[in-house]
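Because only heavy atoms are used, hydrogens play no part in the values below, and waters and symmetry mates are left out as well, while side chains stay in. The sequence lines fix the lettering, A, B, ..., with proteins before strands; numbering per chain opens at 1.
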Amino acid sequence: MTTIAPDIETLVNRSDYLACARAGRQGTKGMMVQARKRDDDGPMRVGFTCSKKVGNAVARNRAKRRLREVARLVLPAHGRPGWDYVLIGRQGATAERPFEELQGDLIYALKKLHGPDA
RNA sequence: GCGGAGGGCCGGAUGGCCGCGUGGGGGCGACCCCGCGAGGAAAGUCCGGACUCCACAAGGCAACGGUGCCGGGUAACGCCCGGGCAGGGAAACCUGACGGAAAGCGCCACAGAGAAGAAACCGCCUUCGUUUCGACGGGGGUAAGGGUGAAACGGUGGGGUAAGAGCCCACCGGGGGGCUGGCAACAGCGCCCGCAUGGCAAGCCCCACCGGGAGCAAUGCCGAAUAGGGAUCGUGCGCCGGUUUGAUCUUUCGGGAUAUCACGGCAGGGGCGCCUUGGCCCGAACGAUCCGGGUUGGCAGCUGGAGCCCGCGGGCAACUGCGGGCGCAGAGGAAUGGUCAUCCAGAGGGGGCGACCCCUUGGACAGAAUCCGGCUUACAGGCCCUCCGCGCGU
RNA sequence: UGGGGUGUAGCCAAGUGGUAAGGCAGCGGUUUUUGGUACCGUGUAUCGUAGGUUCGAAUCCUACCACCCCAG
């Protein structure tokens with residue numbers, strides 16, 4: 001699997017994705033973010049996904065690559081260990097939105113998901 | 001120059017910074033350095049193979065599926081090349097499931113008289129009878145005309161006839177057989193036959209040829225855990241030899257025995273529809289059905305292949321022989337991304353007589369998943385070659 | 001990645017060469033004070049798309065499109 005950054009693992013199992021979907025989500029213009037706080041002291045984990053609605057294989061892979069790049073730049077500073085994050089691509093926007101705004105989207109979503117105690 | 005036809009190719013480029021996958025090297029290590037890193041369709045999964053498993057091979061029969069003018073190319077093909085025939089186009093050229101309908105069966109709705117060894121509805125001709133002299137009815141002849149239909153049993157013209165008819169003649173069409181050319185499909189040229197014998201085979205079918213099934217999520221190895229499975233049914237535990245230094249038993253030591261084992265042979269059982277032959281497995285097992293438990297790891301398969309490029313030779317060509325050179329993605333929920341700059345095409349706007357300059361915008365279809373050969377489908381824009389027609393100039 | 005299947009009216013669907021059944025839903029009536037029920041009538045189909053075979057195609061053939069299912 002592709003390495004995002006040191007100390008960040010990638011989600012592989014379907015069950016982990018489903019658990020995140022149940023826990024909490026925050027939508028933005030560029031992406032949908034789901035996050036879950038696990039009850040252990042493991043590392044930060046992150047996963048990427050796109051539905052077929054996004055487009056053909058080229059469009060889906062492109063969306064996932066941009067999300068991966070955003071995660072690489074943002075998560076080490078704004079993410080927290082012991083949490084799982086799932087970034088979901090959106091039709092059109094994930095591929096077309098200016099990159100800096102995409103980063104802003106993720107920072108905003110993380111702030112919302114971590115809660116007011118942060 | 002304009003319009004058209006065919007074929008081939010490209011499919012943004014370069015560099016910086018931050019990242020990703022992989023191979024190699026260095027370092028105790030954090031890490032560092034170097035190399036490589038999507039396509040012409042990687043796509044659809046429509047054909048053909050390689051490879052692996054079902055243990056396998058050969059032949060025949062049957063079934064099922066596919067292909068379908070001829071010849072060649074190829075590992076193979078439903079692909080490609082060349083040729084023939086038919087259709088289209090003024091031409092270059094394009095298109096074609098293009099074997100068989102007197103082997104057989106089936107179907108041809110509606111309309112129509114009649115739809116496949118024909119058929120008199122209206123007509124036409126002739127004859128008999130009746131007659132109100134308009135015609136009506138019966139018998140016979142007739143497929144030229146009308147009408148129906150997608151299709152009506154050769155066509156046109158002339159002769160002929162009571163009216164007609166290949167009844168006769170000319171031309172066209174058709175069938176049969178011959179000669180010549182060609183490997184062949186087929187073509188050309190005489191001869192004979194007046195010639196009833198539709199259409200559909202992408203209906204069944206016949207003929208020729210080809211084909212066993214499943215698929216890299218195939219398959220093999222290592223490791224962990226658990227189970228070291230259970231139930232029911234079916235078949236079946238057979239025969240002969242077993243040499244006497246194979247084993248065992250027995251003995252009067254000459255030998256004897258086969259209940260038993262090894263071994264050998266024959267039967268039996270097992271697998272793909274069947275059969276034959278070879279061959280394999282089983283023999284306390286095999287097969288079938290059902291129930292239950294487990295599977296998230298690692299490695300191999302995994303990229304060097306019917307490979308690509310160049311030269312010479314053979315061939316009209318597809319393609320191929322020889323020689324030389326190259327090393328060209330290998331992930332495993334899946335690597336090629338982000339950003340900036342300059343240039344290259346494209347679009348829009350402004351300035352200038354113009355070459356050109358400035359600003360903005362913006363990059364087709366699409367992402368390897370075991371690997372090859374094809375087909376099909378998608379594709380912004382651009383480049384090159386050959387050919388046809390028209391126009392102009394010389 | 002590989003294998004298999006299905007597309008007919010708004011929905012469920014029958015139809016295997018000759019002008020596409022049926023039911024639900026809809027619409028308009030009758031009955032009812034009204035609604036429901038019941039009864040009568042009625043509309044709606046590029047048969048997934050494009051070619052081809054045939055006189056004629058939902059049906060036969062070819063290519064394409066969409067959707068669904070199964071394999072570790």
Check: Expressed as a whole number of Å, how far does the C1' atom of B/G21 sit from that of B/A334?
Finding: 10 Å
Next item on the list: Take atom C1' in B/C124 and the same atom in B/A162, then report the distance between them in whole Å.
Entry: 10 Å
Check: Applying a 3.5 Å limit to both distances, which nucleotide forms a Watson-Crick or G-U wobble pair with B/G293?
Finding: none
Item checked: First encountered from the 5' end of RNA chain B, between A/V58 and A/T49 -> A/T49
Next item on the list: Can you tell me the distance, in whole Å, between the CG atom of A/N56 and the C1' atom of C/C65?
Entry: 15 Å
Next item on the list: Pick the P atom in B/C77 and in B/G49, then give their distance to the nearest Å.
Entry: 7 Å
Distances under 3.5 Å only, N/O to N/O: pair up the protein atoms with those of nucleotides 335-338 of chain B.
{"unit_1": "B/U336", "atom_1": "OP2", "unit_2": "A/R65", "atom_2": "NE", "d": "2.9"}
{"unit_1": "B/G337", "atom_1": "N2", "unit_2": "A/E69", "atom_2": "OE2", "d": "3.2"}
{"unit_1": "B/G338", "atom_1": "OP1", "unit_2": "A/R62", "atom_2": "NH2", "d": "3.0"}

Checklist line | Anti or syn - B/G134, cut at 90° from 0 | finding: syn
Checklist line | For the student: nearest non-hydrogen atoms of A/L87 and A/A71, plus distance | finding: CD2-CB, 4.4 Å
Check: Does A/A57 or A/E100 map to a spot on RNA chain B nearer the 5' end, using the closest nucleotide for each?
Finding: A/E100
Checklist line | Watson-Crick or G-U wobble partner of B/A369, both distances under 3.5 Å | finding: none
Checklist line | Glycosidic conformation of B/G166, taking syn as within 90° of 0 and anti otherwise | finding: syn
Next item on the list: Could you state the atom-to-atom distance from CZ of A/F48 to C1' of B/C20 in whole Å?
Entry: 12 Å
Check: In the structure shown, which nucleotide is the Watson-Crick or G-U wobble counterpart of C/G7, with both distances under 3.5 Å?
Finding: C/C65
Item checked: Chi class for C/U54: syn within 90° of 0, otherwise anti -> syn
Check: Which heavy atom of A/A23 sits nearest a heavy atom of A/A35, and at what distance?
Finding: CB-O, 3.3 Å
Notebook entry, point to check: Between A/Y108 and A/Y85, is there a shared hydrophobic cluster once you connect ILVMFWY residues whose side-chain heavy atoms come closer than 4.5 Å?
Noted result: no
Checklist line | Atom-pair distance (CG on A/L75; C1' on B/G19), nearest Å | finding: 15 Å
Margin query: I'd like the P distance from B/C70 over to B/A57, given in whole Å.
Written below: 32 Å
Checklist line | Partner nucleotide of B/C17 by Watson-Crick or wobble geometry (both distances under 3.5 Å) | finding: B/G338
Notebook entry, point to check: Does any nucleotide pair with B/U394 by Watson-Crick or G-U wobble geometry, both distances under 3.5 Å, and what is it?
Noted result: none
Next item on the list: Identify whether the glycosidic angle of B/G254 places it syn (within 90° of 0) or anti.
Entry: syn
Notebook entry, point to check: Can you find a heavy atom in the side chain of A/F99 that is under 4.5 Å from one in the side chain of A/V70?
Noted result: yes
Checklist line | Spacing of the P atoms in B/U320 and B/C375 (rounded, Å) | finding: 16 Å
Next item on the list: First locate atom CG of A/L73, then atom CD of A/E100, and finally report the distance between them rounded to the nearest 0.5 Å.
Entry: 11.0 Å
Note to self: Give me each pair satisfying side chain to side chain donor-acceptor pair (under 3.5 Å) with a member in residues 64-77 of chain A, each pair once, sequence neighbours excluded.
What the structure shows: A/E69-A/R72
Note to self: With a 3.5 Å limit on both atom pairs, tell me what B/U232 is paired to, counting Watson-Crick and G-U wobble, or say none.
What the structure shows: B/A288
Check: Using purine N1 to pyrimidine N3 plus N6-O4 or O6-N4 for Watson-Crick, or N1-O2 and O6-N3 for G-U wobble, both under 3.5 Å, which nucleotide pairs with B/U180?
Finding: B/A187
Next item on the list: First locate atom CG of A/L102, then atom CG of A/L67, and finally report the distance between them rounded to the nearest 0.5 Å.
Entry: 6.5 Å
Notebook entry, point to check: Which value, in whole Å, describes the distance between the C1' atoms of nucleotides B/G315 and B/U74?
Noted result: 15 Å
Item checked: Partner nucleotide of B/U142 by Watson-Crick or wobble geometry (both distances under 3.5 Å) -> B/G123
Next item on the list: Could you tell me whether B/G236 is syn or anti, where syn means a glycosidic angle within 90 degrees of zero?
Entry: anti
Check: Which side chain to side chain donor-acceptor pair (under 3.5 Å) pairs, counting each pair once, include a residue from residues 23-37 of chain A, with sequence neighbours left out?
Finding: A/R36-A/D84
Check: Rounded to the nearest 0.5 Å, what separation is found between the CG atom of A/L110 and the CG atom of A/L75?
Finding: 6.0 Å
Notebook entry, point to check: Mind checking the C1' distance from B/G24 to B/A75? Whole angstroms is fine.
Noted result: 37 Å
Note to self: Please report the distance separating the C1' of B/C210 from the corresponding atom of B/C365, rounded so that it comes out in whole Å.
What the structure shows: 38 Å
